[in-house]
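Nothing here was measured: the structure is a model prediction, and the numbers come from that model.
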Amino acid sequence: MKLRSARRIVPLVAALAAVTAAPAVSAAQGAPQSTSQSTAASASGGQHRQFAVGPQYDTTHVYVEPGTEQAFVTSWTSTFGGTTIGPVSTQVTPAPSRTLSELVVSPVGTLSVFDYTTPIPYPFGTERTGWLVTDLDQAVKAARADGATVTVAPFADPIGRDAVVQFPGGISAQLYVHTGPTSYPPLASVPENRLYLSPDAVGDFLHSYLAFTQGRIVSDDRKADGAALGLPGTTYRLIRLTSGFGTTTVAVTDGHLPYPFGKELTGYGVSDLGATLDKARAAGATVLSGPVHAGGRDSAMVRFPGGYVAEIHTER
């Protein structure tokens with residue numbers, strides 16, 4: 001399927017395949033095919049395969065305020081560049097609903113944008129991300145074995161199947177498989193799944209999340225600079241993880257966070273933070289906090305039209 005830079009309606013099946021998540025990857029595209037290729041111990045003591053395909057196929061789920069889908073997408077692509085597929089009016093939940101959906105493939109990450117024209121069925125809207133997996137049924141089974149709960153059992157969408165799982169600490173992700181193979185370009189910068197957890201929850205979360213994602217801890221700083229969270233002069237625990245699903249940062253805090261920290265789902269790396277913020281402002285976004293230098297990076301918090309809050313950073 002060819003991506004189009006113009007915001008045109010593409011054929012319905014192709015559009016649905018894109019905007020409901022990300023499409024399935026064929027063997028020729030290098031998806032793991034057997035447990036012998038990639039295995040790791042699960043929380044239950046068994047072994048399961050690596051289900052991740054690649055971070056360019058994993059999307060942040062962006063639920064915008066009603067009627068703001070076009071304003072959000074225009075602002076985002078004006079800031080970061082990228083291509084879009086959609087919008088298309090469709091149903092992406094097992095219960096009756098309707099949303100305008102659009103896929104945004106940008107150099108800093110892929111987004112599934114939802115602008116609902118009906119009430120949003122519970123628990124949709126609570127999931128943070130959509131992860132393309134190689135085998136939905138086996139991924140759901142492994143998630144359960146690794147200590148996650150299945151909050152939405154597998155269901156059919158117009159072009160594939162989906163489920164929602166929740167890891168300890170209340171962190172939810174939607175898992176997808178789809179029937180139409182495609183290929184997205186590698187990302188210029190892999191986005192961060194940004195999580196905020198309490199000291200009470202972080203141990204169980206790490207045990208479950210790392211087992212399922214087959215991930216590892218890159219760093220664990222128990223005295224990270226609180227200025228990164230709008231709390232200069234304080235410290236917090238910052239854990240960085242990596243897996244086939246991309247990168248994850250976990251901020252372990254007491255919950256005494258100033259707005260908008262904790263409202264963001266994802267962090268995006270850019271080469272020039274100042275220039276990116278200028279583009280964002282010109283495209284209708286608002287800088288809510290920063291820039292601030294802490295923890296080896298310059299960062300800011302930005303609210304885009306439609307209400308989506310993102311962290312944007314440059315490593316130093």
[X] side chain near [Y] side chain, heavy-atom distance below 4.5 Å:
| X | Y | result |
| --- | --- | --- |
| Arg161 | His178 | no |
| Thr110 | Val104 | no |
| Gln70 | Phe72 | no |

What is the minimum heavy-atom distance between [X] and [Y], and which atoms define it?
| X | Y | result |
| --- | --- | --- |
| Gln91 | Arg98 | N-NH1, 3.7 Å |
| Asp58 | Gly54 | OD2-O, 3.3 Å |
| Val64 | Thr68 | CB-OG1, 3.4 Å |

Side-chain heavy atoms under 4.5 Å apart, restricted to Ile/Leu/Val/Met/Phe/Trp/Tyr: what other residues fall into the cluster of Val218, or is it alone? none
Connected-component partners of Leu257 among ILVMFWY, side-chain separation under 4.5 Å: Tyr196, Leu229, Leu231, Tyr236, Leu238, Tyr259, Phe261, Leu288, Met301, Val309
So, Tyr308 versus Glu65: side-chain donor-acceptor pair below 3.5 Å or not? no
Keeping the roles fixed (side chain from Thr247, backbone from Pro191), state whether a donor-acceptor pair exists under 3.5 Å. yes
Sub-3.5 Å donor-acceptor pair from the side chain of Gln50 to the main-chain atoms of Ala52, do we have one? yes
Can Glu311 and Arg303 be counted as an ion pair, charged N to O under 4.0 angstrom? no
With sequence neighbours left out, write down each residue that passes side-chain hydrogen bond (donor to acceptor under 3.5 Å, both in side chains) with Ser97, or none if nothing qualifies. Thr93
By ring pair (Phe, Tyr, Trp, His ring centres under 6.0 Å), which residues pair with Phe167, not counting sequence neighbours? Tyr209, Phe212
Once side chain to side chain donor-acceptor pair (under 3.5 Å) is applied, what residue pairs with a partner in residues 273-286 remain, sequence neighbours excluded? Asp278-Arg281
Tell me every residue that passes side-chain contact (heavy atoms from CB on, under 4.5 Å) with Ser243, counting only those two or more places apart in sequence or in another chain. Thr213, Phe245
